[in-house]
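Each remark here refers to the structure printed beneath this line.
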Amino acid sequence: MTGSIDPTSPSWKTHNSLNQGQAAAEQSFPLQGQSSHINRCRSYDDDNDDNDSENGSEIDNRDEFRVAFAGRGHRDGDADDEDEDEDEEDLEAMDDIAPLAGSKWLHGYSKPSSRSESRSLSSMTMTTMMSRASQPCKILATTFGAAMIVALAFAVLSLLHLNTNTSLDQAQDDSSNNSNNGTDVVDNRFLKPPAGISVDDFKLSDFKLPPWEWNIDSFSPINVTNGVKFAHIQWKNGEQYLSVDCPRQLNYLYHFPSFPKNEFRDYLTASQGIDDLLHLGEEPFVFVLCPPGINNANLVFREFDAPEQVDENGSVPEAPPHIEGTMEAPRPLLDDVVMILVDAVSRAKFLHEMKAVMATIAKINSTAGGETGHRIFDFEHFNVLGQNSPPNKAYIYSGQSIENIKHGPKHWVWDVYEEQGFRTAHTDGECGGEQGVHDYTSGAITFEYSHLFGRIPAQYQMPQTGWCENHNMHVSGVWGRSCSLPEGVDYKATLMGGMRWNTPYCAGEMAIHEHIMENLEGWLASTKGKRRFATYSFMDTHSPDHHHVSFDVRFATFIENLLVGRDGRPPLLSPKSAFVIMADHGLHYGRETYTFEGFIHHKIPPLFVALPNQFINSRPDFLQALEQNQNRIISHLDLHQTFLHLAYGDMPVEKSGTSLSYTEYMADFIANGTFRQRFHPDAPSETSYAQIYGRSLLLPIDEDRSCHSGGIPNDFCAFQPFLDLDPSKQVDATFLRGALVLLAKRMNFLTQRFHVDDVCHPSSLVMEPQSLQAALEIGTFEGIGTEDLVMETAYATATTSRMPSLLQQGQERPETRIFYFMIRDRHRANRRYSVTMTEDDVVKGKGDGIVIQQMSAYAEEWYPCAKRIAEGGKAVGQWRSVVKHFCVC
């Protein structure tokens with residue numbers, strides 16, 4: 001075959017960029033008129049395709065390979081069989097023309113099935129590969145497709161180099177002198193692993209957390225000053241009334257949630273609200289305005305009833321009566337379990353930002369070891385299980401992955417505690433419920449629960465429609481606020497990012513977080529003497545570049561109110577209570593996330609668990625496990641199992657006649673999917689993902705536990721070695737350029753697949769600069785770009801590792817290496833994407849495994865695009881959750 005490539009010839013460099021034109025393709029692969037010499041090859045193996053659920057899509061992406069490489073336009077999923085057969089011919093023919101498109105066809109290389117197998121590919125020389133690549137075979141229909149195959153081959157070369165367990169541009173120490181420019185190469189690993197290390201061998205002592213070096217005082221101070229409180233609840237004959245005292249006013253305006261949208265009604269108070277009261281009826285809250293204007297505002301929630309239970313002295317007992325657990329009727333270990341979830345903050349940032357909270361934790365811990373009070377345990381190696389709230393919250397509350405939450409086995413924590421006689425309460429801390437029980441955002445766990453059961457989780461939920469109305473009326477200009485931010489901070493521009501985009505921090509006279517804390521304090525006061533389980537979330541920290549001063553101060557006071565008591569009042573929680581402070585993940589957008597440090601810190605949120613001193617002193621086995629587990633890799637799976645343990649853990653195992661210790665018995669007991677059904681016949685009877693991989697924090701966790709053995713996906717594991725890719729090196733730069741084009745093709749495919757390409761602009765496939773040599777001369781990430789996209793940072797897991805499959809419970813994905821890229825839009829400086837690819841994405845040339853996450857606060861750009869798409873009426877499937885991350889219109 002004429003025109004085969006000689007890797008030693010000067011013309012080699014003219015073929016190794018991704019965007020060589022038709023002439024280059026024809027020189028390398030002059031196939032026209034040679035169809036009689038085509039050899040039939042194996043068809044492409046699609047058996048191990050992953051679903052696209054990471055992007056929120058329910059589509060079948062098996063056509064993506066054909067779109068990416070065959071140069072065909074968009075094809076609907078219901079294409080006829082003839083088209084499918086033609087595609088299969090192209091795929092089969094591709095084996096001979098580009099054997100590197102599938103790793104199973106490489107000479108001298110098959111993907112290792114275990115870590116004991118060598119990953120070295122030194123036996124495969126470039127000459128061998130190019131000789132293989134030059135075998136005659138039918139090429140794809142377009143010459144551009146041929147150029148892409150060449151590009152893919154070079155991308156795979158990088159992966160082959162990686163499989164020697166080194167960084168892209170560096171071999172092991174004994175061959176470190178062999179580099180592209182003939183000079184010694186500096187080791188560019190962030191965390192250098194010993195030769196041959198695997199993720200399972202990686203110890204926490206090997207991990208060095210990069211510092212969180214942002215100056216928190218340079219962020220916008222969200223220090224809310226409360227406004228005047230002029231509206232109050234007043235009780236009369238067992239009913240709640242609103243008492244309003246507008247200074248120097250004879251009337252006020254009010255809005256109940258039962259009123260039409262944005263409607264305020266006038267209420268005349270001749271006595272300025274002293275005697276003339278407004279009956280609340282069954283209304284959950286009321287918005288109140290004192291004229292003139294909209295910024296003399298109060299939001300008032302109805303109060304809770306007084307506690308029901310009283311003892312013989314007419315007072316409310318601090319805790320419910322103790323009942324010993326039996327093997328036939330296990331009891332909870334504690335009377336109160338309360339979890340506070342602070343959404344989207346890393347552990348490192350939490351320690352920097354929450355000075356008052358950390359001081360309060362230290363103060364409480366100063367009494368550790370005594371007979372009263374609590375001890376707060378700090379779990380420093382708490383690892384996320386997903387990018388944002390939906391996947392992480394699914395594990396916390398149900399023990400199941402978001403992919404399997406509809407049909408997979410799960411144990412919802414509210415159901416577990418209600419079975420055990422607890423009162424339950426919950427709030428997502430964000431807007432929800434405007435249009436009914438199913439009207440919640442996907443970031444709120446109520447969304448998942450309500451779609452399964454047709455009701456909201458927990459027996460009580462703070463009415464979240466109040467946050468919707470607060471937002472809507474604020475945007476409409478009929479409702480303001482009387483609280484304020486520090487001078488120089490623009491209240492209208494300094495908004496919350498997580499509750500609902502562009503939501504003000506305040507609702508009426510005080511911050512939203514203060515309303516929520518008051519609500520939980522009221523619920524706890526009203527249920528005193530009962531067993532209680534509550535899960536409350538706060539969205540304040542879901543905003544980049546903000547320093548949440550008032551949240552920190554109020555949260556510290558809130559912790560004292562619950563655990564210690566203040567101003568002569570007893571603590572709101574009983575002496576036998578567990579109190580959890582945690583985040584589901586670190587911040588996943590904004591400039592904090594644009595670096596490797598931000599990438600790592602996102603994966604390590606805070607987790608603090610407060611337990612009574614008397615309780616842990618009486619159980620030295622629990623105390624020892626808790627102290628040891630502070631230095632173990634743990635996740636939401638372990639927290640979920642801890643909740644199960646606290647609900648069912650009071651059992652006299654030692655007296656039951658079993659040969660097992662309490663630790664052994666309880667570990668097996670709560671890991672068994674049928675454990676609840678033994679005592680509650682209607683409970684689920686299947687084993688959840690958390691029960692397979694998680695372990696209660698009150699039970700010892702193996703010292704050598706890894707992300708893999710703990711059920712943490714490798715692509716979200718922080719506690720492993722990473723490699724830094726170097727754009728000044730030929731192999732690294734070639735791989736990066738190939739990955740960038742694969743990303744652009746994936747974006748284009750998705751906009752076509754969801755029929756939004758009439759609004760969303762296509763991403764260019766033309767490299768800029770066009771040649772690899774020009775990119776190497778630049779020597780920085782500025783040389784790794786297309787006409788639309790530019791690479792900013794790139795790193796990879798240092799070793800391949802198996803990953804638990806979140807889609808097929810109990811199964812594992814093949815070993816693979818994970819690549820992480822931070823990419824910016826060349827034309828929009830503040831628009832950035834976090835992109836994750838696996839080795840197989842590039843080796844197979846398939847884009848369906850690529851995860852694209854918008855990292856900037858994109859709402860202002862996305863909403864106009866979404867509006868145009870919706871108005872056009874052409875979009876299909878779950879387009880919003882996918883294309884919102886990269887659509888440019």
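Numbering starts at 1 and runs along the sequence shown.
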task = Would you please name every residue forming a ring pair (Phe, Tyr, Trp, His ring centres under 6.0 Å) with Y440, sequence neighbours left out?
result = none
inquiry  = I'd like to know if the side chain of N748 reaches the main chain of P762, judged simply by a donor and an acceptor atom lying under 3.5 Å from each other, with no hydrogens or angles considered.
reply    = no
inquiry  = If you compare all heavy atoms of A394 against all heavy atoms of S401, which two are closest, and at what distance to 0.1 Å?
reply    = CB-C, 4.3 Å
request  = Show the numbers, then the answer: is there a ring-ring contact (aromatic ring centres under 6.0 Å, His included) between F886 and H761?
outcome  = CA-CA 10 Å; F886 55 86; H761 298 166; over 10 Å; no
ask   = So among K393, E430, Q461, which one has a side chain to side chain donor-acceptor pair (under 3.5 Å) with T446?
value = Q461
Partner residues of H513 under the side chain to side chain donor-acceptor pair (under 3.5 Å) criterion, sequence neighbours left out = D540
request  = Output all residues satisfying salt bridge (charged side-chain N to carboxylate O under 4.0 Å, His left out) with E263, sequence neighbours left out; order by chain, then residue number.
outcome  = R265
key: Minimum-distance pair of heavy atoms, taken over all atoms of P257 and P284   = CG-CD, 3.7 Å
inquiry  = Once ring pair (Phe, Tyr, Trp, His ring centres under 6.0 Å) is applied, do any residues pair with H451, and if so which ones, sequence neighbours excluded?
reply    = H438, F447
message = Is there a ring-ring contact (aromatic ring centres under 6.0 Å, His included) between H585 and F716? Walk through the geometry before answering.
response = CA-CA 11 Å; H585 54 84; F716 289 104; over 10 Å; no
inquiry  = Between Q464 (side chain only) and D428 (backbone N and O only), is there a donor and an acceptor less than 3.5 Å apart?
reply    = yes
query = Backbone N or O of I818 within a donor-acceptor pair of the T797 side chain at under 3.5 Å?
reply = yes
query = What do you reckon, are the aromatic ring centroids of H255 and F285 less than 6.0 Å apart?
reply = no
T541 side chain vs D343 backbone, donor-acceptor pair below 3.5 Å = yes
inquiry  = Checking N388 now: which residues fulfil side chain to side chain donor-acceptor pair (under 3.5 Å) with it, not counting sequence neighbours?
reply    = none
inquiry  = When you measure from the side chain of H636 to the backbone of D584, do you find a donor-acceptor pair of N or O atoms at a distance under 3.5 Å?
reply    = yes
ask   = Once you round to the nearest 0.5 Å, how far does CD1 of I396 lie from OG of S537?
value = 8.0 Å
ask   = Within a strict 4.5 Å, meaning less than it, do heavy atoms of the L742 and R746 side chains meet?
value = no
inquiry  = Test of understanding: with side chain to side chain donor-acceptor pair (under 3.5 Å), list the residues that count as partners of R868, not counting sequence neighbours.
reply    = none
query = Do side-chain atoms of S834 reach the backbone of Q853 as a donor and acceptor pair under 3.5 angstrom?
reply = no
ask   = Does R831 reach the main-chain N or O of D825 with its side chain, forming a donor-acceptor pair under 3.5 Å?
value = no
request  = Mark yes or no for whether Y395, through its side chain, and Y689, through its backbone, hold a donor-acceptor pair below 3.5 Å.
outcome  = no
key: Set of salt bridge (charged side-chain N to carboxylate O under 4.0 Å, His left out) partners for E787, sequence neighbours left out   = none
K410 (side chain) donor-acceptor with I405 (main chain) under 3.5 angstrom = yes
ask   = Can the SG atoms of C887 and C760 be said to lie under 2.5 Å from each other?
value = yes
ask   = What's the spacing between F821 CZ and T793 OG1 if we round to 0.5 Å?
value = 9.5 Å
ask   = Are the side chains of T838 and D715 in touch, meaning some heavy atoms are under 4.5 Å apart?
value = no
query = Do the non-hydrogen side-chain atoms of L385 and I712 ever get within less than 4.5 Å of each other?
reply = yes
request  = With rounding to the nearest 0.5 Å, note down the distance linking CG in D841 to CZ in R817.
outcome  = 13.5 Å
message = When you compare the side chain of I512 with that of M539, does any pair of heavy atoms fall below 4.5 Å?
response = no
note = All heavy atoms of Q400 vs all of S688, minimum pair found to be NE2-CA, 4.2 Å
query = Sequence neighbours excluded, which residues qualify as ring pair (Phe, Tyr, Trp, His ring centres under 6.0 Å) partners of Y820?
reply = F599
key: Qualifying residues under salt bridge (charged side-chain N to carboxylate O under 4.0 Å, His left out), relative to D545, sequence neighbours excluded   = R591
Set of residues satisfying salt bridge (charged side-chain N to carboxylate O under 4.0 Å, His left out) with respect to E792, sequence neighbours excluded = R824, R832
query = By side chain to side chain donor-acceptor pair (under 3.5 Å), which residues pair with Y449, not counting sequence neighbours?
reply = D415, R455
ask   = Below 6.0 angstrom between ring centroids: does that apply to Y397 and H426?
value = yes
remark   = Across all chains, not counting sequence neighbours, the ring pair (Phe, Tyr, Trp, His ring centres under 6.0 Å) partners of F781 are none
inquiry  = Quick check on the 6.0 Å ring-centre criterion: do F538 and Y536 meet it?
reply    = no
